[in-house]
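Can you keep this structure in mind? I'll have questions shortly.
All values below were derived from every heavy atom in this structure, side-chain atoms included, with hydrogens, water molecules and symmetry-related copies excluded.
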Amino acid sequence: SVKEGLSSQTAEMANRICGSITLSTLNNDSLDLSKLKVKYYFTADSAGKQNVWIDSAAMQYQRDPWYAALTSDTSASVVSVNTTSPLANRCMEVSFASNEKLEQGATLTISFRLANEDWSTFDQTNDYSYAGGDTIVMLYNGNVIQGVEPEK
């Protein structure tokens, strides 16, 4: 199983959503990053589109090579989602073009920024994933391995 954490870096009302998502395994799992996807659900609060930036992504190991810079191998996009939840009409999907492995003892940290194209304000109190925990969803080979997706 996988453990995740969210460190939010913005206020409840802000013109951007900023944060860091940290992933680690809890047992002897070894997950190929190219098969892993992380989903952060939110409400757009604006009719326009959203832009997302991955500021950094890196893996810390407890063995040689100790560190792997993954920013250039990490991408994110914002997609519309069809849910019955009033807390999610968009999803930031993070994926990896790397064959690095998330294994026991390793920690993957992804720092991101997300903004409405017109830089209008987000009300994060109505965002599904703002609280972190099981609201940040991880998929492996298309199957949910951690978290709970909003009701469809």
Side-chain angles (χ1 to χ4, degrees), residues 1-27 29-46 49-63 65-81 83 85 87-117 119-140 143-150:
S1 65
V2 178
K3 176 184 173 193
E4 90 285 327
L6 172 69
S7 171
S8 180
Q9 300 168 345
T10 49
E12 291 176 348
M13 301 293 289
N15 68 350
R16 70 210 177 293
I17 297 172
C18 299
S20 293
I21 298 172
T22 303
L23 309 175
S24 59
T25 61
L26 299 176
N27 50 32
D29 289 342
S30 180
L31 304 176
D32 180 341
L33 291 187
S34 68
K35 299 176 182 179
L36 185 69
K37 188 176 283 190
V38 180
K39 293 186 173 188
Y40 181 96
Y41 292 92
F42 64 99
T43 54
D45 299 320
S46 172
K49 71 178 230 179
Q50 292 74 42
N51 295 316
V52 62
W53 301 270
I54 299 297
D55 292 323
S56 65
M59 183 89 72
Q60 296 272 14
Y61 293 103
Q62 291 185 346
R63 59 161 178 80
W66 308 108
Y67 177 86
L70 299 171
T71 305
S72 62
D73 293 325
T74 306
S75 60
S77 61
V78 175
V79 296
S80 293
V81 294
T83 69
S85 173
L87 304 177
N89 63 10
R90 300 282 193 287
C91 177
M92 175 185 69
E93 295 181 345
V94 179
S95 57
F96 307 90
S98 170
N99 290 326
E100 291 286 336
K101 306 278 192 255
L102 179 60
E103 58 192 36
Q104 187 173 24
T107 302
L108 171 62
T109 303
I110 307 147
S111 295
F112 67 92
R113 289 177 296 134
L114 190 144
N116 288 313
E117 190 174 58
W119 288 94
S120 60
T121 300
F122 285 100
D123 175 0
Q124 293 186 91
T125 63
N126 67 359
D127 289 351
Y128 183 79
S129 294
Y130 179 63
D134 282 344
T135 62
I136 297 173
V137 178
M138 282 168 284
L139 293 94
Y140 192 72
N143 300 308
V144 174
I145 60 169
Q146 177 67 32
V148 177
E149 293 184 308

Nearest heavy atoms of Y61 and A106, plus distance in Å: CD2-CB, 3.9 Å
Beyond-backbone contact of L31 with I145, side-chain heavy atoms, under 4.5 angstrom: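 Result yes, sub-4.5 Å side-chain heavy-atom pair found.
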Short side-chain donor-acceptor distance under 3.5 Å, S20 and S111: yes
Check against side chain to side chain contact (heavy atoms under 4.5 Å, CB included), R63 and E103: CA-CA 11 Å; R63 59 161 178 80; E103 58 192 36; 2.6 Å; yes
Spacing of CG belonging to L23 relative to OG1 belonging to T107, to within rounding of 0.5 Å: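 Going from the CG atom of L23 to the OG1 atom of T107 covers 9.0 Å.
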For S75, side chain to side chain donor-acceptor pair (under 3.5 Å) partners two or more places apart: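 Counting only residues at least two positions away or on another chain, S75 forms a side chain to side chain donor-acceptor pair (under 3.5 Å) with S95.
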Residue pair S98 / L70: nearest heavy atoms and the distance that separates them: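 Minimum heavy-atom separation between S98 and L70: OG-CD2, 3.7 Å.
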Nearest-0.5 Å distance, CG of residue L36 to CG of residue L139: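 Those atoms lie 8.0 Å apart.
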With A44 via side-chain contact (heavy atoms from CB on, under 4.5 Å) - residues at least two apart: Q50, N89, R90
Under the side chain to side chain donor-acceptor pair (under 3.5 Å) test, residues paired with D123 that sit two or more places apart: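 Side chain to side chain donor-acceptor pair (under 3.5 Å) check on D123 returns T125.
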Gap separating the CG atom of D45 from the CD atom of Q124, nearest 0.5 angstrom: 9.0 Å
Any side-chain heavy-atom pair of V78 and K49 under 4.5 Å: no
Residues D29 and T25: side-chain donor-acceptor under 3.5 angstrom: no
Candidate pair Y40 and Y130, rule ring pair (Phe, Tyr, Trp, His ring centres under 6.0 Å), full reasoning: CA-CA 8 Å; Y40 181 96; Y130 179 63; 8.2 Å; no
Side chain to side chain contact (heavy atoms under 4.5 Å, CB included) between F96 and I110, worked out: CA-CA 11 Å; F96 307 90; I110 307 147; 3.7 Å; yes
Contact summary for A76 and I54, nearest pair of heavy atoms: CB-CD1, 3.8 Å
Which atom of A115 lies closest to which atom of F122, heavy atoms considered: CA-CE1, 3.7 Å
Sequence-distant partners of E117, salt bridge (Lys or Arg N to Asp or Glu O under 4.0 Å), two or more places apart: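 So E117 forms no salt bridge (Lys or Arg N to Asp or Glu O under 4.0 Å) with any residue.
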Partner residues of A14 under the side-chain contact (heavy atoms from CB on, under 4.5 Å) criterion, sequence neighbours left out: T10, R16
Qualifying residue, where the test is side chain to side chain contact (heavy atoms under 4.5 Å, CB included) with T74 and the options are V94, L108, L33: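 Looking at V94, L108, L33, the match for T74 under the side chain to side chain contact (heavy atoms under 4.5 Å, CB included) is V94.
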Reported NZ-to-CE distance for the pair K39 and M138, which is rounded to 0.5 angstrom: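 Going from the NZ atom of K39 to the CE atom of M138 covers 12.5 Å.
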Selection residues 105-116 - residue pairs positive for salt bridge (Lys or Arg N to Asp or Glu O under 4.0 Å), sequence neighbours left out: D55-R113
Contacts of type side-chain contact (heavy atoms from CB on, under 4.5 Å), residue L87, not counting sequence neighbours: S85, N126, Y128
All salt bridge (Lys or Arg N to Asp or Glu O under 4.0 Å) counterparts of K35, not counting sequence neighbours: none
Q60 side, atom CD; T22 side, atom OG1 - distance, nearest 0.5 Å: 10.5 Å
D73: side chain to side chain donor-acceptor pair (under 3.5 Å) partners, not counting sequence neighbours: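 Scan of D73 (side chain to side chain donor-acceptor pair (under 3.5 Å), adjacent residues dropped) gives none.
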Step-by-step side chain to side chain contact (heavy atoms under 4.5 Å, CB included) determination, S129 to Y41: CA-CA 5 Å; S129 294; Y41 292 92; 3.7 Å; yes
Check: T71 side chain, A57 main-chain N or O, donor-acceptor pair, under 3.5 Å: yes
With D32 via salt bridge (Lys or Arg N to Asp or Glu O under 4.0 Å) - residues at least two apart: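 If we apply the salt bridge (Lys or Arg N to Asp or Glu O under 4.0 Å) test to D32, skipping adjacent residues, the hits are K101.
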Trace of the side chain to side chain contact (heavy atoms under 4.5 Å, CB included) decision for I21 with V38: CA-CA 9 Å; I21 298 172; V38 180; 4.1 Å; yes
Distance (rounded to the nearest 0.5 Å) between E12 CD and D127 CG: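 Rounded to the nearest 0.5 Å, the CD-CG separation comes to 10.5 Å.
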Set of residues satisfying salt bridge (Lys or Arg N to Asp or Glu O under 4.0 Å) with respect to E100, sequence neighbours excluded: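 Testing E100 for salt bridge (Lys or Arg N to Asp or Glu O under 4.0 Å), a comparison that skips the adjacent residues, returns none.
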V148 side chain near T135 side chain, heavy-atom distance below 4.5 Å: no
